[in-house]
J.: 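The following block contains the structure, expressed as structure tokens.
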Amino acid sequence: MREKPAQEVAKEAILAIHSQVGEGKVLCALSGGVDSTVTAVLVHKAIAERLQCIYVDTGLMREGETQAVAQMFARFNIPLEVVDARERFMKQLAGVTDPETKRKRIGAEFISVFEEAAARFSDVAFLAQGTILSDVVESRPSHGGAPVKSHHNVGGLPERMKLKLVEPLKNLFKDEVRELGKHLGLEAAFVERQPFPGPGLAVRVLGEVTKSKLAVLRKADAIVQEEVAHLEHKPWQVFAVLLPVQSVGVVRERRTYCQTLALRAVESEDGMTAKPTHLPWSFLDCVSQRLLAEVEGINRVVLDISSKPPSTIEWE
Ligand code: XMP
């Protein structure tokens with residue numbers, strides 16, 4: 001924690017939510033990540049059943065993610081509606097290759113799906129979002145130019161829906177949010193989980209996103225995460241990126257022409273800057289062999305060793 005103990009941050013946040021919301025009802029857009037979950041738990045502590053959470057299944061999530069979210073919220077007794085919007089997102093992404101267009105389309109579709117789901121809940125005046133400090137900073141135009149990336153959780157939902165924003169984590173960095181989550185009773189393994197971008201695997205499938213490419217990446221990602229679980233030092237963030245680069249390979253004397261997978265592992269405090277993790281060779285060797293043997297559609301694995309800046313953590 002940078003300044004205050006988590007207990008105090010929680011107390012102040014709950015009081016602030018109380019005084020902002022009064023007797024009102026709050027909707028919360030849930031992503032399954034640490035930020036929106038901590039937001040939901042905080043708001044639930046403040047106003048209990050006057051909170052309704054909505055989780056949009058975009059089809060861009062990691063393996064098993066949607067089920068895990070549903071289970072966790074059931075355990076916390078927080079009202080949750082899961083909306084299956086997988087087909088709608090695929091339609092929006094068809095033919096799109098530009099990263100900013102992808103992010104904007106996903107953000108806009110998210111708003112539409114959310115609005116439709118929200119319409120089923122009456123008298124709601126507030127929207128709780130898990131915006132954290134780095135999202136706010138990076139979505140601002142840099143030196144009068146374009147924003148670095150349009151973060152999908154600072155989108156145009158509240159204006160369109162005439163909802164007032166409740167953003168209890170807006171002034172906190174990621175490490176502070178994690179401390180707060182632990183204090184609120186979230187499991188350490190969940191709180192320590194890696195950040196995951198709002199637009200999900202779509203920004204890790206470079207170029208056009210298709211169902212089959214998503215399936216390849218989802219499988220590869222699951223293998224990477226499985227192997228990472230055995231590492232003594234867990235990277236701050238580690239993931240695979242499916243590149244739109246094909247190259248020649250050979251399997252049982254037959255030529256292949258398949259895609260390339262990049263591994264990215266970084267150390268960071270808050271995502272604003274990052275250094276590549278020094279991964280043990282035994283890990284790299286093992287994960288690469290598994291990926292090439294188990295994931296159909298790739299025949300080459302490369303390692304991204306770039307720091308941020310000048311790179312960003314996500315490739316898009
Ligand atoms: P970049 O790629 O900007 O990422 O260096 C910094 C950190 O933010 C995560 N990230 C996002 N998180 N919504 C989020 O909630 C987003 O749109 C988004 N884009 C990137 C990224 O995974 C990294 O941890």
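Every number for a ligand or one of its atoms is a count from 1 in the order of the listing. Given the structure is predicted, the values throughout are model-derived calculations rather than measurements.
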J.: Any nitrogen or oxygen of Gln237 lying under 3.5 Å from a nitrogen or oxygen in ligand 1? Just yes or no.
T.: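 Right, the criterion is met.
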J.: Mark yes when over 12 heavy atoms from residues, nucleotides or ligands other than Glu296 sit less than 6.0 Å from its CD; otherwise mark no.
T.: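 No, the 6.0 Å shell around CD holds no more than 12 heavy atoms from other groups.
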J.: Quick one: do Val203 and Ile106 end up in the same hydrophobic cluster if we chain Ile, Leu, Val, Met, Phe, Trp and Tyr together by side-chain heavy atoms under 4.5 Å apart?
T.: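 Shared cluster, no.
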J.: Give the atoms of ligand 1, by number and element, whose distance to some non-hydrogen atom of Trp236 is under 4.0 Å.
T.: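 Answer, ordered by atom number: 24 (O).
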J.: Could you name the option among Pro199, Gly271, Pro197 that has the heavy atom nearest to atom 6 (C) of ligand 1?
T.: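 Checking each option, the heavy atom nearest atom 6 (C) of ligand 1 is found in Gly271.
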J.: Side chain of Arg103, backbone of Glu316: donor and acceptor closer than 3.5 Å?
T.: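 At least one qualifying donor-acceptor pair exists.
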J.: In ligand 1, which numbered atoms sit nearer than 4.0 Å to a non-hydrogen atom of Pro195?
T.: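 Once the distances to Pro195 are compared, the set is 24 (O).
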J.: Any N or O of Lys308 that comes nearer than 3.5 Å to an N or O of ligand 1?
T.: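 In this structure, Lys308 places an N or O atom under 3.5 Å from an N or O of ligand 1.
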J.: So, is Arg103 polar-close to ligand 1, with some N/O to N/O distance under 3.5 Å?
T.: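 Yes, at least one N or O pair falls under 3.5 Å.
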J.: Judging by distance only, is a nitrogen or oxygen of Ile313 under 3.5 angstrom from one on ligand 1?
T.: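 Between Ile313 and ligand 1 (N or O atoms, distance only) the closest approach is under 3.5 Å.
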J.: Can you list everything that forms a salt bridge (charged side-chain N to carboxylate O under 4.0 Å, His left out) with Arg105? Sequence neighbours excluded, please.
T.: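 Arg105 satisfies salt bridge (charged side-chain N to carboxylate O under 4.0 Å, His left out) with no residue once adjacent residues are dropped.
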J.: Test side-chain contact (heavy atoms from CB on, under 4.5 Å) on Asn299 and Tyr257 and set out the steps.
T.: CA-CA 8 Å; Asn299 65 354; Tyr257 192 54; 5.9 Å; no
J.: Looking at ligand 1, does any of its N/O atoms fall within less than 3.5 Å of an N/O of Gly198?
T.: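 There is such a contact, yes.
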J.: So which of Glu12, Glu179, Glu176 actually passes salt bridge (charged side-chain N to carboxylate O under 4.0 Å, His left out) with Lys4?
T.: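 Of all the options given, the one that passes is Glu12.
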